[in-house]
> 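Attaching a single structure in structure tokens format; questions to follow.
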Amino acid sequence: MNFPRKNGIGSGLARLVPALPGVALFAFTVLQWAVPPAHGQDGLNGGQLAATYCLACHQVDRKIVGPSFVEIAGIHRDNPDGIVEWAINPGKKRPDAIQMPSMAFLGEENLRKIADYILKEAEGKTEVQAEDGSSAAIPSLVAAPRPKVQRIFMPDSGPAAIAVAMPGSLSYCWDAGNCQLRYVWKGDFIDPWPVWKGNGNGLATIMGDILFKPDVTASPRIHSEASPVFLGYRLIQGLPEFRYTLGDLEITELVKPLPADQGFTQIFSVRGADKPVLFSLQGRDGLQVEASTGTIDGDVLTVSPLNARSVSIHTILEN
Amino acid sequence: MKDQKMLQIPTSHLPGRTSSRQWITGAIAAVILCTSSIARAQQVEDHYKVDNIPTPPGLDPQVGGLDFMPDGRLVACFHRGEVYTFHPETSEWRFFAEGLQEPLGVVAVSNHEVVVMQRSELTRIQDLDRDGIADSYLTLWDGFGMTGNYHEFAFGPVLTPEGNFVVSLNLASNGASIRPEIRGAFTDIGLPRGDFYDRPWGQVKNAAGRMYSRVPWRGWVVEVTPDGSARPIAPGFRSPNGMGYDLDGNLFVTDNQGDWLGTSKAYHVEKGKFYGHPASLVWKDGWTRNPLDVPAEELDSLRTPAAFLFPQGEVANSPTQPLCDTTSGAFGPFEGQMLVGEMNVPRILRLVPDRVNGVLQGAVIPFIDNGGLRRGINRMVFSPDNELYIGQTALSWAGDKGIQKITWTGRTPMEVRDIHMVENGFSVTFTLPVDRSSLDGLMKTVATWTYHYHKSYGSPKVDQVAVPVTAAVLSADGRTLQIQLERLRQGYVHSLDFSGIKAAGGPGILNPVATYHAVQIP
């Protein structure tokens, strides 16, 4: 079980170079210093070592966080050194995968035992395909019954995003981090599988066309110097009425579709104002906007403190 | 004596303890035993029965949280954000809430209200109109940061003895960077935020640290009052997927092997102490240094050692929730001790507490090994009828999904009940009187070792010494065994292997290996 320290790695490396640009250069360096003898693990066989250090992320015949032994064997069947090299200095092949931590501390000899074990375990086996999440037994959200609320990582939003499918064909993303409507789309709802398939290292996919997307980072919904504090939501006929504060302002916001999905209405209630409340209408260029109260001047709707207790803003996306 | 030797064979389940040759010998011996009807080794199934509970259709039953409502319904939250209740008498599942973001813990406040920790917040979920379905999702606390990194899980809540909620926040992993938009303040200590976006991740990931805390309270345990005010309890955690209180109100938190954790641990957590993973120190009042630049020796002097260690691969790889046996004996002989789930193998462990020089420490012993368990045991709760409900998850790591129920058959297993470190050795109490003749096979040495404390991932066992057993004395009632060692090693794991010990007139010990962490010695 002597690992060929220079030649073996060198020859294995030559085969690895095309697959791992950027990694090869320092693989040699690492090997010269980073493989101390692993006192304490000596005497364990490959299976015991694998159970201790590998099986949390690699299974024999199915992909979990890391590839299966079967897949690893498919790559390194004729080159166990390749497994050792990768374990000492792991690269990253799949854009959506988590990069493996270096196992250099185990030492070459133990890693070679593990490599041999992986190849032996994989022999004659084929990979079992994991459920793809789209089976009829577990309905996806793409065409979920509406209304539907789902908190999930969304594109172009803060990480505390809330996706809402309204009755009809409009959906929206509301960001509980900055308490703002981020965008509205038409079509199906979301495909959550990129997030749900694993440990959260993905974003849900928007299953439609975005029709409204204000630049909220530049223009807050209600003008205030205060930071928003999210307080949660109440479901009204299945749709969330969000609650938050901006300083002394206590605000609720409910988003509903307009008839025939022509657009959407934001129904605000603002309490605690002692001066006119300014709503930003930014992002609505070319769209028809109507408000139940107040005066519109450019991108700003101004409402008196009293009338701010109930304000409906209609945004018509298409006629 | 011949019988005894054979009887002990099937009890050695721990990986690495039994060669395949021994297994074959054991199998042959077992066959001989069964056919000759002399006796049979005790099995888990004789003492604890594991039943599968069907989960609701139409969802992915990876379980994030379990609790019981006052009316006896089980409440469970699942991977994709659903909350359901289950009536044990009718086996009926009922939908309660949905749309949560990776909920990883639930506390039932009433028959109409639960508090759930999800990735983004601690949420009070209520059924206000009493139609059985939740209609109000109030944010109890979201005053912690999120970078969008996948590893920023949020665990809990568990109830404190005062009725507050305790939650814990996972660090981010340098398996990935941060997202363009984040929530909360960002610390530039050691690596400015811009570098996370502007430079290739492969170039900066080491500067971030293997697991990193860039937004508030990542790597901390935090207490939240019912009115939503939060106070941080302690930093130093990496992936603290498990919290629980014992009968005396001590909080235990598990943490997972990785950088700065040579092996997985359970800490006795007290306010203001530091538990070893340095990334979270950046959120300590007045802290300005890059934790990765602080010498390990200095961090070592700051940290509080774990009360319990779980040797990686042998005892546990990813311990989860510690749950106190509060059943007053209705679940077997381990009242008052903590049970702990495990992700990688089908096993529940037991924390056997001891107190030396005022410090809580003790031994980890498997409680149920296999016995029909699935892997991925993430959450546990006792029913009003003193059954243990357990929920499994994987989240793409090793694990499983679903719910199981464990019932004590009423038969007491032969096990180590308590271990106390005494001067020059251990005092060990068993659940049943020991067969004196079985002491002939008592261990001759106790394996001891420790682990590196360093920023590398995991650690081999280091400084291993087999300490000779110099004497053993069994008490008159056969229940307590005093074991004298040549010496005790402060700061070291002491692994005591009781293989071969039998109950008087009964079977061999079921789970023979006790892994004691001697933080202190008398």
> Which answer fits R119(B), side chain, backbone, both or neither, if we ask what part of it has an atom under 4.5 Å from a heavy atom of chain A?
side chain
> Judged by modelled atom types alone, do S102(A) and Y457(B) share a side-chain donor-acceptor pair under 3.5 Å?
no
> Donor-acceptor pairs under 3.5 Å, side chain of residues 176-186 of chain B to any protein atom, not counting sequence neighbours: which ones?
residue	atom	partner	partner atom	Å
S177(B)	OG	F196(B)	O	3.3
R179(B)	NH1	G148(B)	O	2.9
R179(B)	NH2	G202(A)	O	3.0
E181(B)	OE1	G158(A)	N	3.2
E181(B)	OE1	R182(A)	NH1	2.7
E181(B)	OE1	R182(A)	NH2	3.4
E181(B)	OE2	R182(A)	NH1	3.4
E181(B)	OE2	R182(A)	NH2	2.6
R183(B)	NE	F144(B)	O	3.1
R183(B)	NH1	S120(B)	O	2.8
R183(B)	NH2	S120(B)	O	2.8
R183(B)	NH2	D142(B)	O	3.3
R183(B)	NH2	F144(B)	O	3.0

> Shorter than 4.5 Å, heavy atoms on both sides: which option in A176(A), G198(A), A160(A) has the most such pairs with chain B?
G198(A)
> Between I72(A) and I118(A), what is the shortest heavy-atom contact and its length?
CG2-CG2, 4.1 Å
> Report which part of S227(A) has an atom under 4.5 Å of a heavy atom belonging to chain B: side chain, backbone, both, or neither.
neither
> Counting only non-hydrogen atoms closer than 4.5 Å, does A394(B) touch chain A with its backbone (N, CA, C, O), its side chain (CB onward), both, or neither?
neither
> Checking heavy atoms, do the side chain of D156(A), its backbone, both or neither come under 4.5 Å from chain B?
backbone
> Can a donor-acceptor pair be found between the side chains of Y212(B) and N149(B) at a distance below 3.5 Å?
yes
> Less than 4.0 Å between a side-chain N and a carboxylate O, is that true for D116(A) and K120(A)?
no
> Between G177(A), S157(A), C57(A), which shows the greatest number of heavy-atom pairs under 4.5 Å with chain B?
S157(A)
> Side-chain donor-acceptor pair under 3.5 Å between H79(B) and E102(B), yes or no?
yes
> When heavy-atom pairs shorter than 4.5 Å are enumerated against chain A, which of G458(B), G81(B), S396(B), A398(B) gives the highest number?
S396(B)
> Specify which of E152(B), Q118(B), Q101(B) makes the most heavy-atom pairs with chain A at under 4.5 Å.
Q101(B)
> If you take all heavy atoms of P61(B) and F78(B), which pair is closest and at what distance?
CA-CD2, 3.6 Å
> Which of the residues A50(A), G66(A), P159(A) is involved in the greatest number of heavy-atom pairs with chain B at under 4.5 angstrom?
P159(A)
> Verify whether one side chain among T263(B) and Q257(B) offers a donor that lies under 3.5 Å from an acceptor in the other.
no
> Identify which of E98(B), M343(B), H452(B) forms the greatest number of heavy-atom pairs closer than 4.5 Å to chain A.
E98(B)
> For chain B, which of E241(A), H58(A), R234(A) has the most heavy-atom pairs under 4.5 Å?
R234(A)
> Most heavy-atom pairs under 4.5 angstrom with chain A, which of Q312(B), R124(B), Q126(B)?
Q312(B)
> Which atoms of W397(B) are under 4.5 Å from chain A, going by heavy atoms: the side chain, the backbone, both sets, or neither?
both
> Taking only residues two or more places apart in sequence, or in another chain, which ones meet R243(A) in a side chain to side chain donor-acceptor pair (under 3.5 Å)?
none
> With chain B, which of N199(A), I64(A), I236(A) has the greatest number of heavy-atom pairs at distances under 4.5 Å?
N199(A)
